[in-house]
Amino acid sequence: MKQTLKSLIEQAIITLQTQDILDKTLTPKITLERTRDTSHGDFASNIALSLAKSAKMNPKAFAEKIIAALPAHEMVHKVDIAGPGFINFFLNQQALHQIIPQIHQHAEKFGVSNLGAGKKIQVEFVSANPTGPLHVGHGRGAVYGSAVADLLEAVGFEVDREYYVNDAGRQMDILATSIWLRYLDECGEEVSFPVNGYRGQYVYEIAKKLHDDAHNEYRHPANLILEDIPADEAQGGDKEIHIDALIARTKVLLGTQYKDIFQAGLSFILNDIKDDLSSFGIDYHTWFSERQLMDTGAIKKSLTRLENEGFLYTKNGAVWFKSESLGDEKDRVVVRDNGQTTYFASDIAYHLNKLERGYDQIINIWGADHHGYIPRINAALTALGAEAKKLTVLLVQFAVLYRGEEKVSMSTRSGEFVTLRHLREEVGKDAARFFYLMRRSDQHMDFDLKLATSKTNENPVFYVQYAHARICSIFKQMQEQQFICDSKLGMKNLALLTQEHESALLKKLALYPEVLEKAALNYEPHQLVQYLRELATAFHTYYNAHQFLVPDANLRNARLTLIIAIRQVLANGLNLLDIQSPEAM
RNA sequence: GCGCCUGUAGCUCAGCUGGAUAGAGUACUCGGCUACGAACCGAGCGGUCGGGAGUUCGAAUCUCUCCAGGCGUACCA
């Protein structure tokens, strides 16, 4: 419909140009918007306002010329000039009604499109270090990422979901060492635990399992472990130096057994993460291993390429990448003076790998605290001659947890650490997803656990689901009253849907495909959530104002076809967000 | 210090590629079940869109400046 109106305006402009009222060389951009206020009709264009100057006329007079030149169309009831020179289009009822057969016909496919034309997009999200369970901070990125991926798929892109597993590097060594120390506890060795070690409950669990399986196979005497190790922070030493020495000692004593411990920790935690995400309805196409980049020499290879292009130099024993010359604040280290490559070096290789896999676009979803990281990645890709503009980084702000008025502390030390699993168990998948998606992801948000768990009218998730359940309930009632839903009869009588509430609903329904498109292309799932709340409101209002199961069969069936369409769109939207649409609640 | 982000109703937030009278939810006040589900609906109350200046037919939206808050600024990941 929108396209039709646009082409009508276009024709009018061309007519005016041939009449020399408007400059022939102009190719004006036609803007047409849905109106917010029904008194302004269904669609409005500001074309007269924006072209008034080049036409050397006042906007109102020019608008009149445009309307005069506008071809007639059967769906257009009337065209008005309003305000400073807006052109308002009023559609006739028939135009509104046509949405119902469309929805019935396309059913669960209604709203999806082929806008993406099969272009390949990769969405990488969460990618938390496998050094501990996911917490509620990761939850927002997880749910947002999955919703963005699902939306893009719905508008016709081919989407791969990927998790980058940091299964290499110092943090993992700290984890392995922490596990081993707890394991020694299990064996009965008395070893002090480093300040910088991982102290979570799960470390004990992994250690205990290790001891149950392998008994004393990895046991070494405590005095050998701590011999000549520099003091920890608690004893007046440096915690970083202490833990690095401890890692080195662990590797020496365990020899080839070290990788057993390392692997035990990695798989335990990774399985835990996979479990968590999958119970949130999040499934990945690829779990990409950082270690794989090292083992295949991909990191070395990308560094060599940078070297050959002249972007590397050595200073203070470390190798630096000249990122400052490519828009970053300063140059960055890629190889530390101890010979280890940095996380950044892995990331260069990883992004290069992604681009080489032939995606039309790659999307990274990062926590907002990583925003400073974007310029250096772009610099690296540019330096390597890759198309940096194929990379889009979407930032997700942190959510602050509340329980009613009270802020829930999130510090690891205090032990009040809320895991994602805990959130799901307390709040449930549907409410958690809905709450995460309700707000723009790039805005700070307060997540109220009390509100999310409330099974009362305060909870917006139930509000939308209730609309769906209510419609289902009407059909149960219909059967009890011995009525039969005759869709054909309903379709024939759509003209009877003349109530204001009905017109409002019809317009809302027609909006759904546009909302999907906008939400997908702007990576803004909250727009869909917002829409579903509005649709639910429009329905609830209608419900309270009119009866559906009326004696008149024509009207009754017309209304039933309408609410079937509403139920369909509610279900489609909720389903896309991976939230249940219950028939009863 | 420098860089990025954010200031909209008492609270939580939409609206931001410039458009018509700035919207929801919640809180508060009042009203609606002998109704197809009251997990609902209707009405009211509530705003110098952080302050100021500019750009133009028109600014919450764009530019500049100031104020306030968050984040970043590692040979950590």
Side-chain angles (χ1 to χ4, degrees), chain A residues 31 33 35-37 39-40 44-46 49-50 52-53 58-60 82-86 88 127-129 131 166 168-172 174 240 290 315-320 328-330 332-344 346-347 367-375 395 397-398 400 402 405 438-440 442-448 451 454-467 469-478 480-481 483 522 526-527 529-530 533-534 536-537 539-550 556 559-560 563 584-585:
Chain A
T31 53
E33 291 181 337
T35 55
R36 252 182 292 168
D37 194 328
S39 69
H40 298 138
S45 178
N46 62 354
L49 290 164
S50 54
K53 238 183 195 170
N58 80 55
K60 279 193 175 182
F86 289 100
N88 292 337
S127 299
N129 283 348
T131 53
N166 294 117
R170 181 164 172 263
Q171 292 304 318
M172 285 305 290
I174 295 177
E240 304 293 348
E290 179 186 5
K315 190 177 87 182
N316 302 334
V319 180
W320 298 70
D328 197 7
E329 281 178 14
K330 52 178 280 192
R332 308 288 174 177
V333 171
V334 285
V335 185
R336 291 162 64 184
D337 59 4
N338 65 8
Q340 282 191 326
T341 53
T342 58
Y343 175 89
F344 177 47
S346 299
D347 238 12
D369 55 337
H370 284 67
H371 69 79
Y373 206 78
I374 301 170
L395 297 177
Q397 292 286 346
F398 290 119
V400 182
Y402 284 82
E405 298 283 300
M438 213 160 47
R439 311 294 185 208
R440 291 182 66 97
D442 56 358
Q443 299 283 348
H444 301 271
M445 100 183 232
D446 290 352
F447 192 121
D448 188 346
L451 182 61
S454 81
K455 297 237 186 239
T456 67
N457 53 3
E458 291 176 324
N459 195 327
V461 195
F462 291 100
Y463 183 80
V464 177
Q465 290 181 321
Y466 182 46
R470 237 180 175 180
I471 295 173
C472 294
S473 173
I474 292 161
F475 283 93
K476 277 180 219 127
Q477 187 65 32
M478 178 193 79
E480 280 168 31
Q481 294 187 19
F483 286 128
N522 294 324
H526 77 277
Q527 294 207 34
V529 176
Q530 212 76 10
R533 295 177 76 175
E534 286 165 17
T537 300
F539 169 72
H540 285 309
T541 305
Y542 179 40
Y543 181 97
N544 276 280
H546 299 284
Q547 286 280 120
F548 305 103
L549 301 173
V550 292
R556 183 176 68 241
R559 286 186 172 166
L560 289 178
I563 64 173
M585 43 197 296

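All values below come from the heavy atoms of this structure, side chains included, with hydrogens, waters and symmetry mates left out. Naming: A, B, ... by sequence-line order, numbering from 1 per chain.
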Is there a Watson-Crick or G-U wobble partner for A22(B) with both distances under 3.5 Å, and which nucleotide is it?
none
Between A20(B), C76(B), C41(B), which nucleotide gets closest to the side-chain atoms of His540(A)?
C41(B)
Protein-nucleotide distance (Lys315(A), atom NZ; A74(B), atom P), rounded to Å:
12 Å
May I ask you to say what Ala584(A) touches in the nucleic acid, namely base, sugar-phosphate or nothing, with a heavy-atom cut-off under 4.0 Å?
base
Scan Asn88(A) against the nucleic acid and name what it touches under 4.0 Å (heavy atoms): base, sugar-phosphate only, or nothing.
base
Under 4.0 angstrom, heavy atoms only, what part of the nucleic acid is Arg440(A) near: base, sugar-phosphate, or nothing?
sugar-phosphate
Scanning all shown strands, the Watson-Crick or wobble mate of C30(B) with both distances under 3.5 Å is G42(B)
Rounded off to whole Å, could you give me the CG-to-P distance for the Asp446(A) and U26(B) pair?
17 Å
C1' spacing across the pair G42(B) / C33(B), given as an integer number of angstrom:
14 Å
From CD of Glu534(A) across to P of C40(B) the rounded distance in Å is 17 Å
Can you check the Tyr466(A) OH to C41(B) P distance for me, whole Å?
9 Å
What is the ring orientation for Phe539(A) with Phe548(A), classed by angle as parallel under 30°, tilted 30 to 60°, or perpendicular over 60°?
parallel
Base, sugar-phosphate or nothing for Tyr543(A)? Non-hydrogen atoms, less than 4.0 Å.
base
Residue mapping more 5' on RNA chain B - nearest nucleotide basis, Leu549(A) or Thr541(A):
Leu549(A)
Side chain of His444(A) (C-beta onward), nearest among A77(B), G70(B), A14(B):
G70(B)
Return the value, rounded to whole Å, for the distance between atom CE of Met438(A) and atom C1' of G23(B).
16 Å
Any strand counts, and the cut-off is 3.5 Å on both contacts for Watson-Crick or G-U wobble. Which nucleotide pairs with U63(B)?
A53(B)
Arg556(A) vs C36(B): side-chain N/O to OP1/OP2 distance below 4.0 Å:
no
Expected rows: protein N/O vs nucleotides 54-60 of chain B N/O, under 3.5 Å:
residue, atom, partner, partner atom, Å
C57(B), OP1, Lys53(A), NZ, 3.0

Using purine N1 to pyrimidine N3 plus N6-O4 or O6-N4 for Watson-Crick, or N1-O2 and O6-N3 for G-U wobble, both under 3.5 Å, which nucleotide pairs with C71(B)?
G3(B)
Could you give the distance separating A20(B) and C62(B) at their P atoms, to the nearest angstrom?
15 Å
Between C36(B), U6(B), C40(B), which nucleotide gets closest to the side-chain atoms of Asn544(A)?
C40(B)
Without swapping roles, check the side chain of Ser473(A) against the backbone of Ala469(A) for a donor-acceptor pair under 3.5 Å.
no
Distance-only, no hydrogens or angles: does the His540(A) side chain make a donor-acceptor pair with backbone N or O of Tyr463(A) under 3.5 Å?
yes
Residue Tyr343(A), side-chain heavy atoms: nucleotide from A77(B), A20(B), A14(B) that is nearest
A77(B)
Donor-acceptor check, side chain of Thr342(A) to backbone of Val333(A), threshold 3.5 angstrom: yes or no?
yes
Say you draw a straight line from NE2 of His526(A) to CD of Gln443(A); how long is it, rounded to the nearest 0.5 Å?
9.0 Å
Just wondering, do Ile563(A) and Tyr542(A) contact through their side chains at under 4.5 Å, heavy atoms?
yes
Taking only the side-chain heavy atoms of Asn316(A) (C-beta and beyond), determine which of A14(B), C75(B), C36(B) contains the nearest atom.
C75(B)
Separation of C36(B) P from Leu560(A) CG (nearest whole Å)
15 Å
Residue pair Arg336(A)/Ile474(A) against RNA chain B: nearer the 5' end by closest nucleotide is Ile474(A)
What contact category does Lys476(A) fall into here, base, sugar-phosphate, or nothing, at under 4.0 angstrom with non-hydrogen atoms?
nothing
Just to be sure I understand the rule, does Gln547(A) reach a base, reach only the sugar-phosphate, or reach nothing, if contact means heavy atoms closer than 4.0 Å?
base
Tell me the interatomic distance from Phe539(A), atom CZ, to G37(B), atom P, rounded to whole angstroms.
10 Å
Looking at Gln340(A), is its backbone amide N or carbonyl O close enough to the side chain of Asn338(A) to form a donor-acceptor pair, meaning the two atoms are under 3.5 Å apart?
yes
Whole-angstrom distance between C16(B) and G23(B), as gauged at atom P
14 Å
Check every strand shown and say whether Tyr373(A) touches a base, only sugar-phosphate, or nothing at a heavy-atom separation below 4.0 Å.
base
Pro375(A) and Gly372(A) have their tightest heavy-atom pair at CD-O, 3.4 Å
Could you tell me which nucleotide pairs with U48(B) by Watson-Crick or G-U wobble geometry, both distances under 3.5 Å, or answer none if nothing does?
none
Please state the P separation for the pair C4(B) and C64(B) - nearest whole angstrom.
10 Å
C1' gap between A9(B) and G25(B), integer Å:
12 Å
Of the nucleotides C75(B), A77(B), G72(B), which one has an atom closest to the side chain of Asp369(A)?
G72(B)
Integer angstrom distance from the P of G51(B) to that of A60(B)
11 Å
Has His526(A) got a side-chain N or O lying under 4.0 Å from the OP1 or OP2 atom of G15(B)?
yes
Contact class for Ala467(A) vs. all strands (heavy atom < 4.0 Å): base, sugar-phosphate, or nothing?
nothing
Applying salt bridge (Lys or Arg N to Asp or Glu O under 4.0 Å) to Arg559(A) and not counting sequence neighbours gives Glu502(A)
Nearest heavy-atom neighbours spanning Asn129(A) and Gln171(A)
ND2-CG, 4.4 Å
Can you tell me how far P in U26(B) sits from the matching atom in C66(B), rounded to whole Å?
41 Å
Is any side-chain N or O of His371(A) under 3.5 Å from a base N or O of C71(B), one able to act as donor and the other as acceptor?
yes
Could you let me know what C16(B) is paired to, Watson-Crick or G-U wobble, both distances under 3.5 Å, or none if it's on its own?
none
Write down the distance between CG (Asn459(A)) and P (U12(B)), rounded to a whole number of angstrom.
18 Å
Considering only the P atoms, how many Å lie between C5(B) and G44(B), rounded to the nearest integer?
40 Å
Counting any heavy atom closer than 4.0 Å, what does Ser473(A) reach on the DNA or RNA strands: base, sugar-phosphate only, or nothing?
base
I'd like to know if the side chain of Arg556(A) and the backbone of Leu549(A) have a donor-acceptor N/O pair within less than 3.5 Å.
no
